[in-house]
Amino acid sequence: MPPESRADDASRFRAPIGTYDILPPESERWIAVTETFAHRASRAGFDFVMTPMFEHREVFDRVGASTEIVRKEIYEFEDKGGRKIALRPDGTAPVVRSFVQHRPPIPWNVWYLAPHFRYERPQKGRYRQFWQLGVESLGVDDPEVDVEVVALAHGFYRDLGLSRFTLVLNSMGDAGTRERYVDVLRGYYAKHGDALGAEFEERVAQNPLRLFDAKRDDWLEVIENAPQITEYLSDDAQEHFERVQEGLHALGIRYELDPRLVRGLDYYTRTTFEFQSQSIDSAQNAIGGGGRYDLLAEEMGGPPTPGIGFAVGIDRVLLSCDAEGVLRDVVPRADVFVVNGLGEQAARQVTLLVMELRENGLRTERAYGDRSVKSQWKLADRSGAAYGVMLGRAEAERDAVAVKDLRSGEQVEVPHEALLAWLQQRQEAGGTDT
Ligand code: AMP
């Protein structure tokens, strides 16, 4: 094969740009994060839901025709049946679609773990396939639900050991508020932004809300002095917003108000929030966010049903864990390593013992083939197992095995029939920590 085509193969067999493999032991941290989330969500009465990885393209229309996510980043294609299909760029729309389709009793509280797809410019903390954990609560518009949902996200970060993050809070008002506010902004920018150039004008025409994320110094002053959405809230929306703030205060959850937090999705009404890490790069510092979407179910053809949810990006959560030095050492270690001291012909005997220990809850490893006892003990040490169990000739004569505490090096003989109980007793006492 000519060298060029070998090089081509090498790049063809790499994960596509913006995607990644999650290998052990890193994958263990993903399990730990997911389990932490699952426990918290379950205690709050949320059940697991799974929706397809792709949907009809229209499901995402309400995420926002003018948003980057839908305008530029969506992965869409026509399937062999000529249907317009999109890979999920957002977690809320598919769950609400599922709610509208099945009409489960309300309140419907669900959580999910799912890959999401956006054609973004890849960088640290920003990928084309990324994983989100999220919750959605449909059916209740009580501000206490908002408080509980925000507290759930907050509690999840705290469970992981994170402390250097800020909760930022805003309200997008009711039906019509966003549209009225967009008009107000356009009017303001038409008066104050005319010297800022064609790109500025284009962005005002497209979606003036997105200018709040603009990083241009020459635009800063005009943007900072723009009217704020919170000046346009109805009395109801204002009262709702205040009750959410009082609730968070009562729970001792600190937050900052930011009337410019308008988020990248069009379906939000009333409460919106974002958790920002202070320990990672500011361009990718959003470790989670969400809000209320009281109109979305109806817009998807369902009965009028209020809803609220949030999603957290696992990648960024792990980056913050690294930066804060938490969630380390989650690598599971073997409980037991079985060493064959009887030669290759005893391999089946080792299999039987290994299976018995595994069936009884012990993470058990072994070696294969014709390895010397010495090299097996080396593997036992490397496995991190708490105990090594050796089938040895002298012990076999007494129907016993040799058990070595791999940390202290201390060795004892244990009758074969007492081995399982002996190991389990130590595991319960914390001798074999996994
Ligand atoms: P969003 O739906 O944009 O509010 O995203 C929710 C969360 O998902 C964010 O707070 C991030 O933690 C994470 N996230 C969003 N986009 C990406 C991406 N391209 N790569 C990795 N994580 C992301």
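Whatever order the structure lists them in is the order used to number ligands and atoms, beginning at 1. Nothing here was measured: the structure is a model prediction, and the numbers come from that model.
Residue Gln132 touches ligand 1 through its side chain alone, judged by heavy-atom distances below 4.0 Å. Contacts of Arg126 with ligand 1, taken as heavy-atom pairs under 4.0 Å, involve both backbone and side chain. Contacts between Glu274 and ligand 1 below 4.0 angstrom, taking non-hydrogen atoms only, are absent altogether.
At a 3.5 angstrom cut-off on N or O pairs, Glu120 counts as close to ligand 1. Inclusion of Val312 in the set of residues having an N or O under 3.5 Å from an N or O of ligand 1 is not warranted. Considering backbone and side-chain N/O of Gly288, one or more are found under 3.5 Å from N/O of ligand 1.
Heavy atoms of other residues, nucleotides or ligands lying less than 6.0 angstrom from CD of Glu231 number more than 12.
When the heavy atoms of Gly18, Ser277, Ala286 are ranked by distance to atom 12 (O) of ligand 1, first place goes to Ala286.
Listed by chain and residue number, Asp146 satisfy the side chain to side chain donor-acceptor pair (under 3.5 Å) test with Thr271 (two or more places apart in sequence, or in another chain).
Taking 4.0 Å as the cut-off between side-chain N and carboxylate O, Glu26 and Arg29 count as a salt-bridged pair.
Cation-pi geometry between Arg128 and Tyr119 is met: the NZ or CZ atom falls under 6.0 Å from the ring centre, inside 45° of the normal.
Close to ligand 1: Ile287, with a non-hydrogen atom less than 4.0 angstrom away.
Screening Met172, Glu136, Glu299 for a side-chain contact (heavy atoms from CB on, under 4.5 Å) with Tyr293, the sole residue that qualifies is Glu136.
For Phe48 and Tyr112, the ring centers sit 6.0 Å or farther from each other.
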